[in-house]
Each structure stands twice: as structure tokens, then as C-alpha cells.
Amino acid sequence: MPQSNLSPELTTTGLTSLLDGQGRKPTRLLQILIEIQAAQHWISPENIDQLAAELNLPRARIEGVIGFYSFLHAEPAGQFRLLFSDNITDRMLGNQNLLEYLCNKLWLERGHVSEDGLVSVDTTSCTGLCDQGPAMLANGMAIPRLTRERLDEIAELVLQKVPVTQWPAELFVIENNIQRREILLANSMQPGDALRAAIAQVCVPGSAVEAAANQRSWREGIPSVALCAPVSTLEEIKRSNLRGRGGAGFTTGLKWEACRNAPGGEDNRTRYVVCNADEGEPGTFKDRVLLTTQADLLFEGMTLCAFAINAKQGFLYLRGEYRYLLEPLNAVLQRRRDANLLGANILGQAGFDFDIEIHLGAGAYVCGEESALIESLEGKRGIPRNRPPYPVTHGYLDKPTTVNNVETFCAAALVGLHGGDWYRGIGTAKSAGTKILSVSGDCARPGIYEYPFGVTVRQVLIDCGAENTLAVQVSGPSGVCIGADEFDRRIAFEDLATAGAFMVFDESRDMFEVARNFAHFFAHESCGFCTPCRVGTAMLKATMDKIAIGHGTQYDLAEIDQLNRILLQSAHCGLGHTACNPTLDTLKRFRPTYERRLKSLDFEPAFDLDGALATARRMTGRDDAGAHLSMEAES
Amino acid sequence: MSETFQLDGEDIPFAPGQTVLQAALSAGHYIPHLCYHPEFKPHGSCKVCTVKIGGGNNTRTAASCTLPAQAGLEIESDTEEMNALRRTLVQMLFAEGNHFCPSCEKSGNCELQALGSDLGVMTAGFRHFYPDRPVDASHPDILLDFNRCILCELCVRASCEVDEKCVFSLSGRGITKHLVVNATSGKLADTDIALTDKAMQVCPVGVILKKRVGFAVPIGQRRYDQRPISAQALDDAPRPPSASGPNGSGVCQACEE
Ligand SMILES: Cc1cc2nc3c(=O)[nH]c(=O)nc-3n(C[C@H](O)[C@H](O)[C@H](O)COP(=O)(O)O)c2cc1C
Ligand code: SF4
Ligand code: SF4
Ligand code: FES
């Protein structure tokens, strides 16, 4: 896509045709804003005025949506916006040095746009490339394995004003790094296999499925025969004991059944199947690999779900960081439409109509929370809703909606083909099937590992070649941090439940800095809706920073406990509930790393008089001992 | 109204569709609250109304303004534990903004201040954020002092749902979340706000102020100088619950959030 002008002004007619392309639906507001941002590198006041007029929305509300998402800008942010992924794993691989290096090269101050408006450099939350970091996003496109050499090349391209779309493809090569396969990653299914198997099911006379189909027939006004296959599918998913892979571990069959049971509008088919591909939990990247290598399996699982719950429309909510996967995924969707695996009368089955649309996110971790995700799908700020009602009854546009993780839908497709009994035979009593782990950090072979549930942490550490391991952060910042005496614990819902992240820290690492990185993450990602999380995460971050610079006290440690209590008792969603976990876990297991930073006093004022003098020092060009209160006191 | 739940050991009757807070207030029982307003759909953001549900070991907490009333619920509200939580939440709100009560025009009429004094909040408890929030004095008759905004969204809701203007909206996220007004200039003077708007009446703190009436009523004779907020909230309570269902039916569809 050659671009003559780096940042063309979108003309009024240009924006009008962009709006036409998006059907002028307010639900597509976020998608429209993402397109404007991509075309023009910011969203101008004139753009907002025009959107407000043409979509009939208050302009302040549009501003509010822009202000919510990290990747949207209502002020020019540079024609090149280079964002370093700032997960702890990127830090361990030296991203801070590299960031400084690039800033120096481009004569930039971090976070500020260059005077000519050409470029800005900043950080962003984990981009899901932890096994091949340090990583960055260049105008939203992911670049892994940064080195000084690669940054030299990038700086040159920026200075030559070469559009990112014309940068060498080699910069954007992303590895799958699949290290261990089980039933999911080793599957040999062909597109449509699970759907054909599902459609072919018939009711065995006198069976429980037949009874269920009869009952449903009466309730839904659909002939019993036509219900045999969908009900059987639902029963198989229930029988499989499949539980959600997005973190909470809710039983998938029950979710699907509740959604089917909820009234689906006038045609009783207005239900939605939503795949959560927001994968924002730092350290998690297995959905990226599934989207890359198992897209057919995923869409097959979503279509199977539509069949089971009687839904017509599906959405894939793809995190903005995975923007580069949009075209390949759309190509898979098109191939499936061509093969009659999507669209009207799927596989010749009258009335089995279903299609999938991809929506992009724009840099907001909280949009992985299912009700915030639905708000975002509707084109709004991603604020978690008040629940009840839950999405299964009142989801997208207030209609019944099933939200599942990418891996959950993939597993469901396997169940559709091989049956529930087969699936529940794998794994442990309460955790059927396999789990895909995203392994990163201090180990020889980072990447993707699939295990039957029940594998010990120790086994994973051996397999990935980790040595002298101090700690493992299981399931990301919102999960748990365990020390060496707990490595015999198992990955399973009955012990260590996980959304997939597995970050390894060896004995050279400082677990305080790990926790501090996560505290920054939560403060940055808090949606700000509820008091405890909005203010509490900012306080936790400030406290961790205070401890880091040597001004912390025992009093601050006690305050962290108090914050945690407040967040657990009153936060509106899981983000707030878990925000203190990394700090508390590391305090419990690695307390000395905190204590050696503390002042001996019980109380230390937060106002740092010496710090306040920094501006004066900079202005007078002084940095001698006499210009520092602390050194003055010591001397 | 035959069904009841228990609030601090007393039976509270409720009508279908009522939340725990709504039912409690109509029955003459006060639960502290801030972002809830009897004329609007419950918002659930300040979390001051948080209560404990269930007895024994199996308890959980939830915001009572959005918690659907259900027969048989056992709710604890007026306990030291819940009041301590509320005290901390109020302290957080004080620490987050810039509140200099003695010089504030809203002093004595301010719900945050009144709640704080009712709950026995003596200091902010936390270190202050001292955010930089410029005031908007552009409008000839109205002053916006964002320093005191607690982000309850009442003005947003009033302006959209009642005034049908959507003068206010929220932008940013996390601790940088802030109010914006509906004008390209970003200034209140360029919006269609009017002194008679509902949005002019709902701010619980001293953000949206009428100019030139400052201190007309002397401090000491103001609303919460007379009687504590707990008593006055009950006076307000029996107003009919908002006409909208659990998911609202605000008049301005486009503004519906
Ligand atoms: C702050 C927050 C972030 C979340 N992020 C994700 C995510 O990125 N991907 C995901 O599948 N689930 C995420 N979840 C969990 C979802 O809310 C939801 O439980 C899940 O998508 C349901 O799918 P499952 O049953 O297949 O696991 C998140 C939850 C919270 C509270
Ligand atoms: S807990 Fe945090 S992320 Fe969740 S609603 Fe509250 S402010 Fe938003
Ligand atoms: S201005 Fe007042 S009413 Fe509006 S959000 Fe702020 S505190 Fe609430
Ligand atoms: S009054 Fe219930 S959350 Fe604010």
C-alpha cells in the first residue's frame, strides 16, 4: 500500500465515505475512530464535529470514547508513534535501555512528540510478544526482538519518512514458538468436520437428549426433530466438563444453555456469540498463536456455539495489539463463507445462518472483562456493567450473548467432533482437557506449551529449560506469584487456575520491581469507573514508587494491606479485585526485598522537599551536595 | 409488597425491581450513598453504599444501590466494618481532588462533606494527589470548578436523560478520568446549557455553580448545617423510583450509555 503522503488530512468527503463503509452505525464508532486514527495518525476536532453531525451523537461523547482508548489520540501524536511494550518480561530483556537509545537517536524526550511532529516514543502495556521481546508497536504494527541494530534501522526509516506499511517485512516476522502439543495444537481437523458431526446427530429414542429436545420443542415452538442436533451439541459440551479458559473457569455448557434459554427477540434467534480475543493479561500470548495457527478451529467452535444456542451473529473482539492478524483472519472467514461454513443455510442445513464480524480494540486491558468488552463492541467506553443482569441474558444490545475465550471455542470444536466423554477423560477430575501456557521470562525455551491439566509447575520449568528459578507468576499480574517451595503445585482449576501466562523469574531478579511493574500496569489500565480502583490503583502505584526511591516505611506496607481490603470489598470488577495481588504475594514471599528499601522510621512524609528542589537545581544548573537537602544533612 | 429481606436485623419490604438501597430508603432505613439519586437509574460507581450480604462465613459485599432486592437476603450495613470502608472511600475522594472546604461555595450544602462528617472522617487519611484541574469560567452565569468533581456522572445523566442536551461527558480513564463539555472549544460558554437545566441542580459537590450568588446563605445556616445527611436523605427518598427499567430508557437514545 504505497502512501504518497504520510499523514493525509482526511477530507470531509473522505470521512463521509469512510462512514459509509462502516454503515454509519453508532455501534461502529470505535471501529470508525480506529480507521481515522490509522489514516491520519490522530482524530482532529473537525473530524469529531463531522462525526457528531453525521452519526447524530453528542461530540463530548465521541471525545470520551477517544479519551478512553490508549491508541486513539485527539491531539497529534506524531506521524510515527513508536510504543515499547512495557511488560516485566520486556524490561528483563532490556527495553528501557533500548527506549532511551532510540530517544537519543531521534533527539526525543520520551512521551513528547518531536517538534516537527514526525515521531513520538513511549511505552504501552504488554503486547503479547513476551517470548520474543523486547517488542514495540510502530503505528500499531507489532515488531518483536528489538535490538540496537533493529532500532537503528527503524530510526532511519522514520527519518526517511518511509510509511510503516513499506517497512521491510522482515521487521514484522512473529514466531509461533510452539514447544509442546497435545490434543488441541496437534489436531488434524479439517474445516467443517465438527459442524458436520454436530448436524448429523439424531435423537436416540428414549434417551435423555430426546427428552430434553421434546421439552425444548414445547418451550421454543420448534419441532423436536429439528432440535435433536443442537440439543445433543449442548449436551456434549456439558458432558465434556469444559470450563472457560479466559480465567474465571465458568462451565461452558452451562453458559451456553443459559444463553439458549434466554429469550432471543422476536425471531428467537437474536443471540450473539462473542469471542474474547482481547488477551490483555501481561505475559499471555497463547491466543495470538491460536489466532495465527488455529483460526479455522476457533471459527468452527464459534459456529458450533451458534448452532447450539440458536444465534445468528458472531463477533471476534481482537485486541488492537494484534491488528496485524486482521487481514489473515478476515481471509479465513471469507474462505469459510465460500465453503458454506458461514453465511446462510450452513452446510445445507435450512435455517442455520451465522456469520462473524471482527471488531478491533484500541489499547484497553479492561475490555477483556466480558461486559466491558460488550460495551466496547457497542462502540462505547469500555466500562464494566452492573451485573446482574449478566451477558447470557442481557449482553450485546441487551440481547443474550455468550462470551468465551479463544481457547474455549477451540476446545469446544474438539468436543463437537470427538464428544464429551472423550474430552472429560483428559486432565483431572475438575479440570477437563488441556491447557495452553504462554511461557516467558528466564528460561531457555520460551513459547507455547500445551499440557493436560494437572501438570506441575516443576515439570513446566524443566521442559522450558528454566534454571535457578526464584518465582513464577502464574496467570499474569491478576494471578498468583509462587516461590520455589510451591513448584509441586499443579496447573488446574482445583489448584493453580490460570488464563495461561507463566512468567519465570530466576534468582537474579528483584521481585519488588516485578510487583512495581504490575502496580503501574493496573493503575494505567483501571477504567476509572469506581472510586476504590480509580483512586486505589493510583495510590498503590505511588506507594510502590515511594518505596522504590527509598522513602517507604512500615506504615506504607500497612497501607497496602488496607488498600487491598478496600479493593476486595468494593471494586466493581476483577481488575480492582486483583490489583494488589502481585504486591501482596511478593510481600508475603519475598519480604526482605521490600524491607531493605524501607526507612527505619515509622512515618515518612510523602512530600519530598528535596525532590521539590529539583526544578530549582535544573534551572540553576547546580547538582552539588549543597544543593541537595539529604546530602547537606549527611555532611 | 409481601416479600422482605433483612437489613441489620430488620425486615424490609420491597417492590419488584427495587434495589436494596431503594427499598431501604423507602422503608425509612438509611444506607450511606453518594452517586445514587432517587430520580435516576442507579449508577454504582462511588461504592459508598457497599453492604455485606449473607451471614456466617459465606459473606460477600456489593453496592446496595445496584443490588436487586431479593426475598430472604441478609444484609449488614450499619456495622463498623462497612462504615470503615465508607470512611476510606470518602477519604479517597477527598484525596483525589482538591477540596478546600472552608473556601468552597458549596460548603454546608455539599454531600461529600456532609457524608464525611456523618461518618467521622477527620482527615483525608491518604496523601493528596493535588491534580491540576483548571476551572472553566467561560460561561457568563455558570462556573465549573473541576477541582471538586467526584465523577459521579449525575450531571452527565441529568443533561442527557432529562435536559436532552448531553452537555457533559466523561473522558480519559483511571485516575485521569475527567469531565468534558459538549463544545468544540471545550468551553461551557459554547454549549447550550441553561440555568434551568436539571444538570444545574444535581451536582453533589461544588463543581457546577451559579455565578454571583456565592455565599448568599451564610455558612452555618446551610442544608447540612441544620441536620445530618442521613436524616435528609430519608426525606428525599419516597420520591417515585425512576420510570426506567433495570437498563434504563433515557429519553435521549443517542446519549444512553
Ligand atoms: C480485567 C479483566 C480482564 C479480562 N481479560 C480477559 C481476556 O483478555 N481474555 C479473556 O478471554 N477473558 C478475560 N477476562 C475474563 C472475561 O471477563 C470472561 O470471564 C471470559 O472471557 C469468559 O470466557 P471463558 O468462559 O471462555 O473463559 C477478563 C476479566 C477481567 C476482570
Ligand atoms: S474495578 Fe477498576 S477497572 Fe473495574 S470498574 Fe472499577 S475502576 Fe473500572
Ligand atoms: S460535576 Fe458534579 S455531578 Fe458532574 S460528575 Fe462531577 S461531581 Fe458529579
Ligand atoms: S451510591 Fe451505590 S455506588 Fe454510589
Side-chain angles (χ1 to χ4, degrees), chain A residues 26 45-46 48-49 52 55-70 74 364 366 375 380-383 386-389 394 398 522-539 541-542 546 559 562-563 565-566 568-572 605-607, chain B residues 34-35 42-48 50 52 61-63 65-68 81-82 84-86 88-93 95-96 126-129 150-151 153 156 159-160 165-186 191 246-247 252 254-255 257:
Chain A
E46 295 76 27
I48 300 175
D49 285 335
L55 296 176
N56 194 21
L57 290 171
R59 107 181 277 296
R61 187 173 146 199
I62 299 174
E63 244 182 280
V65 173
I66 299 171
F68 186 84
Y69 296 94
S70 302
V366 72
E375 289 282 298
K380 303 173 186 168
R381 292 161 59 80
I383 308 288
N386 285 312
R387 287 142 295 149
H394 295 76
D398 262 353
F522 284 121
H524 180 66
E525 297 296 343
S526 163
C527 83
F529 173 74
C530 68
T531 311
C533 172
R534 181 178 71 244
V535 186
T537 54
M539 285 177 167
K541 169 181 155 177
K546 183 181 170 198
E559 192 184 276
Q562 190 198 359
L563 280 178
R565 224 172 20 253
I566 299 300
L568 283 176
Q569 283 180 328
S570 63
H572 184 67
F607 183 73
Chain B
L34 197 50
C35 68
H43 193 237
S45 62
C46 75
K47 302 298 178 192
V48 165
T50 302
K52 196 173 230 179
T61 46
C65 67
T66 51
L67 177 69
E81 189 188 2
M82 287 302 105
L85 169 69
R86 291 169 187 144
T88 310
L89 291 170
V90 169
Q91 286 176 321
M92 284 177 153
L93 288 169
E96 179 188 23
F126 296 99
R127 85 198 81 107
H128 286 266
F129 284 79
I150 56 169
L151 304 163
E153 282 184 65
V156 178
S159 185
C160 266
K165 292 181 179 174
C166 293
V167 168
F168 299 102
S169 238
L170 286 171
S171 187
R173 75 171 188 227
I175 198 72
T176 66
K177 187 170 87 159
H178 60 278
L179 213 54
V180 291
V181 301
N182 197 33
T184 312
S185 66
T191 68
N247 286 294
C252 167
C255 326
E257 281 229 301

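Just so we're on the same page: letters track the sequence lines, and every chain starts at 1. Since the model is a prediction, treat every value here as computed from it, not as a measurement.
Proximity to chain B is limited to the backbone of A:L568, based on heavy atoms less than 4.5 angstrom apart. Of the two parts of A:A52, neither the backbone nor the side chain holds a non-hydrogen atom closer than 4.5 Å to a non-hydrogen atom of chain B. Contact of A:E46 with chain B is not made at all, since no heavy-atom distance falls under 4.5 Å. In this structure, no portion of A:A74 lies under 4.5 Å from any heavy atom of chain B. Contact of A:T537 with chain B is not made at all, since no heavy-atom distance falls under 4.5 Å. The part of B:A95 that comes within reach of chain A is its side chain, from C-beta onward, which places non-hydrogen atoms under 4.5 angstrom from that chain. Contacts between B:H128 and chain A at a heavy-atom distance below 4.5 Å are absent for every atom of the residue. Heavy atoms of A:P532 lying under 4.5 Å from chain B belong to its backbone as well as its side chain. Neither the backbone nor the side chain of A:I48 comes within contact range of chain B; no heavy atom of the residue lies under 4.5 Å from a heavy atom of that chain. In this structure, chain A has heavy atoms under 4.5 Å from both the backbone and the side chain of B:T184. Looking at A:Y69, the atoms closer than 4.5 Å to chain B (heavy atoms on both sides) all sit in the backbone: N, CA, C or O.
Side-chain contact between B:P68 and A:P388 is present, with heavy atoms from C-beta onward closer than 4.5 Å. Using a 4.5 Å heavy-atom cutoff, the side chains of A:N386 and B:P42 are not in contact. Two residues are said to be in side-chain contact when any heavy atoms from C-beta on lie closer than 4.5 Å; A:S70 and B:R173 meet this criterion. Contact check for A:R534 versus B:M92: no side-chain heavy atoms found under the 4.5 Å cut-off.
Checking side-chain atoms of A:S526 against main-chain N and O of B:G174 turns up no donor-acceptor pair under 3.5 Å. Under a 3.5 Å cut-off, the side chain of A:R61 and the backbone N or O of B:C166 do not form any donor-acceptor pair.
Among the candidates A:L563, A:I62, A:I383, A:I566, the residue making the largest number of heavy-atom pairs closer than 4.5 Å to chain B is A:I566.
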